[in-house]
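Here the structure is laid out as structure tokens; the discussion comes afterwards.
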Amino acid sequence: MILDQKFYQKDTLKVAQDLLGCFLVRKSASRRRNKIIKGMITETEAYIGKDDLACHASKGRTPRTEIMYGKAGHAYVYIVYGMYHCLNIVTEKKHFPAAVLIRAIKIDGVDYQKTNGPGKLCKFLKIDRKLNGWDMAKGERLYIEKPAQNFPKKNIVAGKRIGIDYAKHCKHYLWRFYI
DNA sequence: ACCCCGATCGTA
DNA sequence: ACGATCGGGGTT
């Protein structure tokens, strides 16, 4: 079952945890052939509102963060360190800037090392700025599926978010979740 | 127009 | 531990 807008339009911490065990699906055209890649989400991070100093929206509404103020379920794709892309899904209600970063996925038959980082998985799935703003609730090109059986909550570990030491007190928030 | 810095990754 | 590499956002 494809995750709909309602799924994403919830508390961001809940969405970040509920996404673990779900399958990120990427349909792309690769030289004539349609290719479908599915990977189980194993790590996420939450970025919530203007008060979260690690959230890009902490600087307010700007051209880049505009998408985070929009509808839940849309992709927020940006470039980090001038070289890599990061995939986020917008959460919460309109006008409240928040999103979940997909940090790692496991694809059957593919070395985990290829997809165990936000930049790596975007490279593998050919996700770039062209997909910024993409409605992931539509079930085309890029979307997320619910697993057959729900993932056991007990196996979820919470920790500090990666690479945001500049975020003062917010760097201590346990807003990173992984299996 | 310019400057600073980063939600990363591979190599050392 | 460090360099690659460039867009965004703030400042002049």
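Letters go in sequence order (proteins before strands), and every chain restarts at 1. Below, all heavy atoms of this structure are taken into account, side chains as well, without hydrogens, waters or symmetry copies.
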Assigning hydrophobic clusters by single linkage (Ile, Leu, Val, Met, Phe, Trp, Tyr; side-chain heavy-atom cutoff under 4.5 Å), is [X] placed with [Y]?
| X | Y | result |
| --- | --- | --- |
| I164(A) | Y81(A) | no |
| I144(A) | F23(A) | yes |
| I162(A) | Y78(A) | no |

>> Parallel, tilted or perpendicular: which one describes the rings of Y173(A) and H169(A), with boundaries at 30° and 60°?
In response: perpendicular

Taking [atom1] from [X] and [atom2] from [N], how many angstroms apart are they, rounded to a whole number?
| X | N | atom1 | atom2 | result |
| --- | --- | --- | --- | --- |
| H85(A) | dG7(C) | NE2 | P | 10 Å |
| R61(A) | dG8(C) | CZ | P | 18 Å |
| Y81(A) | dC2(C) | OH | P | 15 Å |
| H56(A) | dG7(C) | NE2 | P | 15 Å |
| M83(A) | dG8(C) | CE | C1' | 16 Å |
| Y166(A) | dG8(C) | OH | C1' | 13 Å |

>> Around atom CG of N155(A), are there more than 12 heavy atoms from other residues, nucleotides or ligands closer than 6.0 Å?
In response: yes

> So which of residues 102-116 of chain A are in contact with DNA chain B, with a heavy-atom cut-off of under 4.0 Å?
Replying inline: R103(A)

> Are H56(A) and Y76(A) close enough that a side-chain donor and a side-chain acceptor fall under 3.5 Å?
Replying inline: yes

>> Students should find this one: the first and last nucleotides of DNA chain B, 5' to 3', lying under 4.0 Å from a heavy atom of chain A. What are they?
In response: dG6(B) to dG10(B)

>> For a quick test of reading the model: is some side-chain N or O of R64(A) closer than 4.0 Å to OP1 or OP2 of dG9(C)?
In response: yes

> Do the side-chain N or O atoms of T62(A) get closer than 4.0 angstrom to the phosphate oxygens (OP1, OP2) of dG8(C)?
Replying inline: no

> Can you list the steps and then say if T91(A) with F96(A) is a side chain to side chain contact (heavy atoms under 4.5 Å, CB included)?
Replying inline: CA-CA 8 Å; T91(A) 57; F96(A) 185 88; over 6 Å; no

Answer with base, sugar-phosphate or nothing: what part of the nucleic acid does [X] contact at a heavy-atom distance below 4.0 Å?
| X | result |
| --- | --- |
| R129(A) | sugar-phosphate |
| R161(A) | nothing |
| L101(A) | base |
| G82(A) | base |

> Can you find a heavy atom in the side chain of L19(A) that is under 4.5 Å from one in the side chain of V100(A)?
Replying inline: yes

> Would E92(A) and K10(A) pass as an ion pair if we require N to O under 4.0 Å?
Replying inline: no

> Please walk me through it: do W134(A) and R141(A) pass side chain to side chain contact (heavy atoms under 4.5 Å, CB included)?
Replying inline: CA-CA 9 Å; W134(A) 182 258; R141(A) 290 176 69 174; 3.4 Å; yes

> When Watson-Crick pairs (N1 to N3 and N6-O4 or O6-N4) and G-U wobble pairs (N1-O2 and O6-N3) count only below 3.5 Å on both distances, what is the dot-bracket string of DNA chain B, with | for other-strand pairs?
Replying inline: ||||||.||||.

